[in-house]
Amino acid sequence: MPVETIKYANKEVTVVWKPNTCIHSTLCWKGLLNVFNPREKPWIKMDGADTEKIIDQVKKCPSGALSYYLNSEVPADET
Ligand code: SF4
């Protein structure tokens, strides 16, 4: 069964979230609430911070549920 993924994008970067992988460590939203806020829908708001801050926070996700790619470098499986 393919892993479910949900994508959130701004002009520069796309954040990929895998809800089945998320361990709800709370790390992402405690670090950058303007972007990652599980009380709101959509829970990731790509206009809440600049691209650099979003990428830094994505890298802190301990489970690998959050990942990202630059829109200028679309992954091979997206083509
Ligand atoms: S940091 Fe990663 S594992 Fe933790 S709540 Fe956020 S997405 Fe889920």
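Values reported hereafter were calculated over all heavy atoms of this structure, with side chains retained and with hydrogens, waters and symmetry mates removed. Order of listing sets the numbers, starting from 1, for every ligand and every atom in it.
Y69 approaches V13 most closely through the heavy-atom pair O-CG2, 3.4 Å.
The hydrophobic clustering, which links ILVMFWY residues whose side-chain heavy atoms are closer than 4.5 Å, places W43 and I54 together. No continuous path of ILVMFWY side-chain contacts below 4.5 Å connects Y8 to L27, so the two sit in separate hydrophobic clusters.
Under the side-chain contact (heavy atoms from CB on, under 4.5 Å) criterion, K53 pairs with L32, A49, D50, sequence neighbours left out.
At a heavy-atom distance under 4.0 Å, only side-chain atoms of W17, from C-beta outward, approach ligand 1.
Taken to the nearest 0.5 Å, the CZ atom of F36 stands 10.5 Å off from the NZ atom of K60.
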Test log, rule salt bridge (charged side-chain N to carboxylate O under 4.0 Å, His left out), inputs E40 and K45
CA-CA 9 Å; E40 294 185 11; K45 290 200 174 47; 2.6 Å; yes
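Around atom 4 (Fe) of ligand 1, the protein contributes the following N, O or S atoms under 2.8 Å, ordered by chain and number: S25 OG.
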